[in-house]
Amino acid sequence: MAQSPYKGEYQTFIGLEIHIHLLTESKVFCGCRNVFGSEPNTNVCPVCMGYPGVLPSLNEEAVRKAYQVAMALNCHLNEKAVFERKNYFYPDMPKNYQISQFEYPFGINGWFDLELAGGSTRRIRIHDVHLEEDAGKMIHEGGISKLDYNRAGTPLLEIVTEPDLVTGEEAEAFVQQFRQMVRYLGVTDGNMEEGSLRCDANVSINESGKGLGTKTECKNLNSSRFIKKALEYEIKRQTKVLNSGEKIIQETRLWDEGKSRTSPMRTKESSNDYRYFPEPDLPPYRPEKKYLSEIESSLAELPRERRIRIMEEYGLNEQQALFITAEKSMADFFEKTVYLKNKADTESDSNKIDTAFAGTVASWLSGNVQKILNDSGLSIENSPLSSDRLLSVLNLIENGKISAGIGKKVIGVVFEKDTEPEDIVKDLGMDQMSDTGELQGVVSAIVDANPKIADAIRDGADKQIGFLMGQVMKATSGKANPGMTRNLIREKIFKQGYISEDKKNA
Ligand code: ADP
Ligand code: ZN
Ligand code: MG
């Protein structure tokens, strides 16, 4: 075995190539529908099937979304963006070339501030953002291969980072934070299982100070956890190779989740092999300044900015704000609920946010509501719960009509029946028992049934009232008004000169 010429620590370089499927009505160069999961070969036409003599035409919606991402990544926008043909043969690509961008993509030289554990950030450079078309899909079944061209020609945006990431964990965090950002922008659903966000991870190691090493590229990483695991495996493998004095072979490797390892797929072609040349059927794209500034000014607020603003404006702590802003739909829901309350509160100064109420909304969303969302598999924006309905439930609690426990049940019924909280409370008789007479009867029975505890309370063990309250709640299925119950218990034990049978006999 050859001796390793190097004994120190290696430096690691990781660069990602992330593809996102853009959410557009139609494909990028033809009018076919851009949807996932149709019957095979139903969303196809001569353009995306690569028939000779047909002409592509550029989808403006895809261009707009490409610019949104390029801007959010702080890219320089090329004055002239050019489409090029990337030539290779594969059965899922009927034209034998893919229309992509090479020399002049929409955006170049950007950056993304990656948030690291502990709150600091590191700037990861973005090489470029380019628009291209996806290929079809091969389906291997019982010894034969079938082709589905529905996906051929759907818009893909590729984001290429510089090799600035240094650990598998960082790469995973980058993909998660990037995914959150593009979901905020509304350009993709970012679903990794369905392949609408795909990531290839490039990694090399080298002696410190010597710059980039020879890289390998890992594919088949369809969850952000796999990215971390594959890179960590690959870094170990490359370290062993170098330590044994051998060289890394530049190649593409596949991650095998079952075996928890990568294995060689092919030696990587270089860009020369693709014979890129400008697409003669599409003119260079020259965006107008006005168009770009209009896109820029309508760009959605990004996750980090929103999190910071929400902490400041609503007085949420970081934990709460992280939950609320994880998804844009949740942040929208939260802000709308607080806004509706503010608007309804005529007494309060309409510009001043009720931070106590905001905190209540945040804890309902992160607690009870999120639990029901998890159980039902719904997300907040397509669930039967609206900001108006959550506000109704919170109002019912605030006005003493129902307890918090019942409020939780009401939300459960909203999810089941898709009806209004007020109606649910009325129809199911969930109103709090605030009728003194009725409640008095229950309290009296409970106190009588627990003579030792009643005596202890009268002798000063005030905390034991909690136990009796619990019993009353149980007996009334949570409908007893807590404040009233507490008073009635005290009244029965103290004011009426109550003496238990036990005491009397003593
Ligand atoms: P290729 O020509 O193989 O596609 P590129 O230069 O286009 O390579 O880079 C593709 C990705 O690989 C980028 O994300 C880049 O940051 C990363 N990369 C390039 N060279 C290295 C290297 N030596 N080590 C680690 N990552 C690299
Ligand atoms: Zn088509
Ligand atoms: Mg490349």
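Position 1 is the first residue of the sequence; numbering continues from there. Order of listing sets the numbers, starting from 1, for every ligand and every atom in it.
Taking the ring centre of F277 as origin, the terminal cationic atom of R85 falls outside the region bounded by 6.0 Å and 45° from the ring axis. Relative to the ring axis of Y339, K336 does not place its NZ or CZ within 45° and under 6.0 Å from the centre. Taking the ring centre of Y276 as origin, the terminal cationic atom of K86 falls outside the region bounded by 6.0 Å and 45° from the ring axis.
Polar contact with ligand 1: present for G213 (N/O pair, distance under 3.5 Å). Distances between N or O atoms of Q250 and those of ligand 1 include no value under 3.5 Å. Of the N or O atoms in N202, one or more lie within a sub-3.5 Å distance of an N or O in ligand 1.
Taking distances strictly below 2.8 Å, the protein N/O/S atoms close to the Zn ion (ligand 2) are C30 SG, C32 SG, C45 SG, C48 SG.
For the residue pair N34/T24, the side-chain donor-acceptor check at 3.5 Å is satisfied. Side-chain N/O atoms of N202 and K215 include a donor and acceptor closer than 3.5 Å. No side-chain N or O of N191 forms a donor-acceptor pair with one of S196 less than 3.5 Å apart.
With sequence neighbours excluded, the residues that form a side-chain contact (heavy atoms from CB on, under 4.5 Å) with K228 are E169, E172, E232. With sequence neighbours excluded, no residue satisfies salt bridge (charged side-chain N to carboxylate O under 4.0 Å, His left out) with D128. Take F36 and apply the side-chain contact (heavy atoms from CB on, under 4.5 Å) test, not counting sequence neighbours, and it matches K137, E194.
Atom numbering of ligand 1 starts at 1 in the shown order; those under 4.0 Å from a heavy atom of P163 are 16 (O), 25 (C), 26 (N), 27 (C). In summary, the atoms of ligand 1 found under 4.0 Å from a heavy atom of V160, numbered by their order in the structure, are 13 (C), 14 (O). Taking every heavy atom of L16 and a limit of under 4.0 angstrom, the matching atoms of ligand 1 come to 14 (O).
Among E162, E217, K215, the residue whose heavy atom lies nearest to atom 27 (C) of ligand 1 is K215.
With a 4.0 Å cut-off on non-hydrogen atoms, T214 does not touch ligand 1 at all.
A donor-acceptor contact shorter than 3.5 Å links the side chain of S387 to the backbone of F333.
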